[in-house]
There are 2 protein chains.
Amino acid sequence: MQKAAKKKPPTIREVAARAGVSMMTASRAINGKALVSAKSQQAVEQAVKDLGYVPNASARALVGSADRRVALLHSNSTTSAYLGELLLGALGEAPQRHLHLVVEQCAPGAFAKEIVDQVSKAHVAGVILPPPLCDWAELVEALQARDIAVVGIAPDGDVPGMLAVGTDDRHAAYDLTRHLIDLGHRQIGFISGNIRHRASARRLQGFRDCLADRGIKLDERWIVPGDFSYRSGLDAAEQLLSLDTPPSAIFACNDDMAAAAITVAHQRRINVPGDITICGFDDTPLASAIWPALTTIRQPIRDMAREAIGLLGAHFSSQDEGAGEETLGRVKLDYQLIRRQSDAVPARH
Amino acid sequence: MQKAAKKKPPTIREVAARAGVSMMTASRAINGKALVSAKSQQAVEQAVKDLGYVPNASARALVGSADRRVALLHSNSTTSAYLGELLLGALGEAPQRHLHLVVEQCAPGAFAKEIVDQVSKAHVAGVILPPPLCDWAELVEALQARDIAVVGIAPDGDVPGMLAVGTDDRHAAYDLTRHLIDLGHRQIGFISGNIRHRASARRLQGFRDCLADRGIKLDERWIVPGDFSYRSGLDAAEQLLSLDTPPSAIFACNDDMAAAAITVAHQRRINVPGDITICGFDDTPLASAIWPALTTIRQPIRDMAREAIGLLGAHFSSQDEGAGEETLGRVKLDYQLIRRQSDAVPARH
DNA sequence: GTGAAAGCGCTAACAA
DNA sequence: TTGTTAGCGCTTTCAC
């Protein structure tokens with residue numbers, strides 16, 4: 001009938017009492033910002049451990065300047081998987097930066113103004129914008145006009161005043177191409193993405209650059225257009241494999257199109273990777289779901305979100321200290337070449 | 001050099017002043033719990049609108065009994081996509097239930113005790129357990145022993161004392177089977193999932209039941225085992241299509257295996273859906289990424305998370321009111337049959 | 001280096 | 001029905 005009394009979590013007051021110091025000293029020791037004698041420091045740390053003390057985030061936030069709210073804004077074109085990764089990274093980092101993360105979804109077809117209204121109602125000091133939101137100049141400007149810091153995730157271009165994290169698409173494509181060449185491939189087909197995406201152009205550039213650096217001549221017929229969809233990959237692969245001198249390897253600009261290429265190869269009874277090597281890009285779940293699993297490039301989405309939070313944190317700090325103008329930043333993260341089962345040395349003639 | 005003064009968000013005090021009432025009346029009007037005169041109510045609502053007031057969650061949480069923390073615990077076997085959906089649902093519902101959501105990842109291979117320690121350090125009053133965590137009896141019990149409410153997402157079985165949300169797998173499979181029959185199919189193959197999953201068994205049961213209800217005889221050779229992986233789907237489909245009387249439709253127990261079946265059909269130059277109908281289950285991103293896109297069953301993961309939060313909220317309320325024993329609950333949500341391009345009426349002989 | 005006081009925004013309890 | 005008082009847990013002054 002009557003429930004066991006809820007054990008209230010320990011407060012900083014109890015920690016202070018147990019350590020034989022005042023609340024303030026305990027607070028300082030815990031936050032490690034101010035000077036505290038080694039003795040007090042240790043006593044407090046011990047007490048924290050004994051009591052299993054965890055600071056109350058709400059109280060911290062309430063006191064004012066300490067915590068700020070930042071929003072992860074997403075549109076309905078952000079896939080759950082992408083969002084999940086983003087959330088995992090951001091949620092992990094936010095508390096350490098003393099930031100509260102809120103998640104906001106913007107209505108499909110909403111005007112920039114509406115979105116900005118929605119965001120400012122949430123009292124956020126900064127927003128994280130995944131693609132394609134980060135490439136929407138009007139939105140970014142409107143946000144900045146309200147004095148809200150903006151950080152873009154893998155934006156397509158550079159926007160002045162916008163913080164950004166991303167990977168080096170060109171370099172990644174260069175590396176993947178080198179991997180194929182090192183395997184022994186010389187005739188490599190390329191299925192490009194939507195030409196409007198600069199990321200796609202950068203990947204193609206990396207591909208071209210690597211071939212050029214290795215002195216390998218590129219047959220322009222081996223570059224076929226796609227639009228990132230599975231369907232377009234089907235068509236592109238058909239085109240590539242119908243050539244009188246088909247390539248021994250295909251570099252698809254994303255995993256969906258690579259998966260489509262594998263399907264086409266199977267239809268034609270061409271063995272992957274025995275007869276042809278097929279690589280993707282992005283390392284979406286699809287890459288490891290199919291068989292053979294795709295060799296691909298992993299974009300560290302989770303890390304990007306982590307960095308985005310970090311950038312925001314740093315931005316606020318420098319802002320508080322009134323240090324000159326804002327410290328803008330654009331960080332590039334390392335991608336990873338994930339080698340699975342879809343590549344091999346080229347078949348002998 | 002000097003920044004424009006930050007406009008502080010309005011507080012309830014300002015709302016009260018503008019509405020010409022006391023803070024408490026404003027508070028009551030805003031929360032709508034207690035009795036407030038229609039006049040005050042309106043005045044407050046107007047002031048809230050004018051000022052763009054948004055309650056400060058931290059302050060609310062701080063005051064005590066109002067907000068509780070609940071954790072979404074996930075293991076590394078939870079895919080990002082699944083987690084993303086869960087998070088979207090939970091994050092949307094939590095504030096309305098006055099719950100603070102925290103996200104905790106449990107280390108791979110951790111003991112139940114370690115996980116419980118981690119969770120209780122976070123001072124949470126309840127946890128949401130996605131599969132396969134919700135089927136880990138030892139963990140559930142340990143959590144409950146510490147007086148933490150547990151709600152499982154689509155658990156495999158029933159655990160006494162555990163709240164749960166889920167869908168009716170048997171019923172969904174029944175409906176999908178009926179859809180195939182209505183299309184005109186009479187020879188339907190079934191690729192089952194891992195036999196250890198009861199969900200898989202329930203889907204098979206739904207399949208069998210529907211066939212029986214329609215008086216359609218089932219050739220046992222049309223039921224072939226898979227293990228939910230793409231690879232196993234490949235083998236199963238090969239087996240099915242090598243029969244002397246192959247089925248005119250295949251019901252795969254998940255999308256990965258259905259995608260594999262499509263690949264096999266293509267290899268054999270069997271047109272989907274012209275020559276054979278293939279359906280999946282779960283509506284993962286893969287289902288709409290491939291071509292033809294899969295007709296499948298969507299599990300409302302986001303809604304499940306929403307309901308899970310709701311269940312937790314209701315649980316706490318009834319607990320506060322000391323109403324008899326706990327009100328346990330298990331809610332079943334509606335699945336959805338998503339019809340895409342992978343089904344059609346059977347080809348004529 | 002440390003401590004005492006004040007108060008962040010809000011609501012539970014009590015009065016009026 | 002409404003207002004007053006107190007205090008949630010913590011950190012910011014500003015003294016010592």
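Excluded from the calculations below are hydrogen atoms, water molecules and symmetry mates; all remaining heavy atoms, backbone and side chain alike, are included. The sequence lines fix the lettering, A, B, ..., with proteins before strands; numbering per chain opens at 1.
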Original post:
What is the distance, rounded to the nearest whole Å, between atom CD1 of B:I12 and atom P of C:dG7?
Top reply: 19 Å
**OP:** Determine whether more than 12 heavy atoms belonging to other residues, nucleotides or ligands lie under 6.0 Å from atom NZ of A:K332.
**Re:** yes
**OP:** Drop me the distance from B:I301's CD1 to B:I153's CD1, to the nearest 0.5 angstrom.
**Re:** 9.5 Å
Subject >> Candidate nucleotides D:dC10, C:dG9, D:dT11, ranked by approach to the side chain of A:L62 - the nearest >> reply: C:dG9
Original post:
In whole angstroms, how far is the P atom of C:dT11 from the CZ atom of B:R13?
Top reply: 12 Å
Subject >> Rounded distance (Å) that lies between atom C1' of D:dG7 and atom CG of A:N56 >> reply: 14 Å
**OP:** Give me the bend of the helix from C:dG1-D:dC16 to C:dA16-D:dT1, using the axes of the five pairs at each end, rounded to 10°.
**Re:** 30°
Original post:
Phosphate oxygens OP1/OP2 of D:dC8: is one of them under 4.0 Å from a side-chain N or O of A:T11?
Top reply: no
Subject >> B:E45 bridged to B:K49 by N-O distance under 4.0 Å >> reply: no
Subject >> Presence of A:R60 side-chain N/O under 4.0 Å of D:dT11 phosphate oxygens OP1/OP2 >> reply: yes
Original post:
So do the side chains of A:L51 and A:E14 get within less than 4.5 Å of each other, counting heavy atoms only?
Top reply: yes
Subject >> Side chain A:Q41, main chain A:G32, donor-acceptor under 3.5 Å >> reply: no
**OP:** Return the value, rounded to whole Å, for the distance between atom CG of B:L35 and atom P of C:dA16.
**Re:** 21 Å
Subject >> Salt bridge flag under 4.0 Å for residues A:E93 and A:R97 >> reply: yes
Subject >> Integer-rounded Å distance: C:dG9 C1' and B:L51 CG >> reply: 15 Å
Original post:
Got a sec: does the CD of B:Q42 have more than 12 other heavy atoms crowding it under 6.0 Å?
Top reply: no
Original post:
How many angstroms lie between CD in A:E85 and CZ in A:R306, if you round to the nearest 0.5 Å?
Top reply: 9.5 Å
Original post:
Taking OP1 and OP2 of C:dT11, is either one under 4.0 Å from a side-chain nitrogen or oxygen of B:N31?
Top reply: yes
Original post:
So with a 6.0 Å cut-off around CG of B:N31, is the heavy-atom count from everything else above 12?
Top reply: yes
**OP:** State whether B:S37 places a side-chain N or O below 4.0 Å from either non-bridging phosphate oxygen (OP1 or OP2) of D:dT2.
**Re:** yes
Quick one: which protein N/O atoms are closer than 3.5 Å to N/O atoms of nucleotides 3-6 of chain C? Pair and distance per line, please.
| from | atom 1 | to | atom 2 | distance (Å) |
| --- | --- | --- | --- | --- |
| C:dG3 | OP2 | A:S22 | N | 3.0 |
| C:dG3 | OP2 | A:S22 | OG | 2.9 |
| C:dG3 | OP2 | A:T25 | OG1 | 2.5 |
| C:dG3 | O5' | A:S22 | OG | 3.4 |
| C:dG3 | N7 | A:R28 | NH2 | 2.6 |
| C:dG3 | O6 | A:R28 | NH1 | 3.3 |
| C:dG3 | O6 | A:R28 | NH2 | 3.2 |

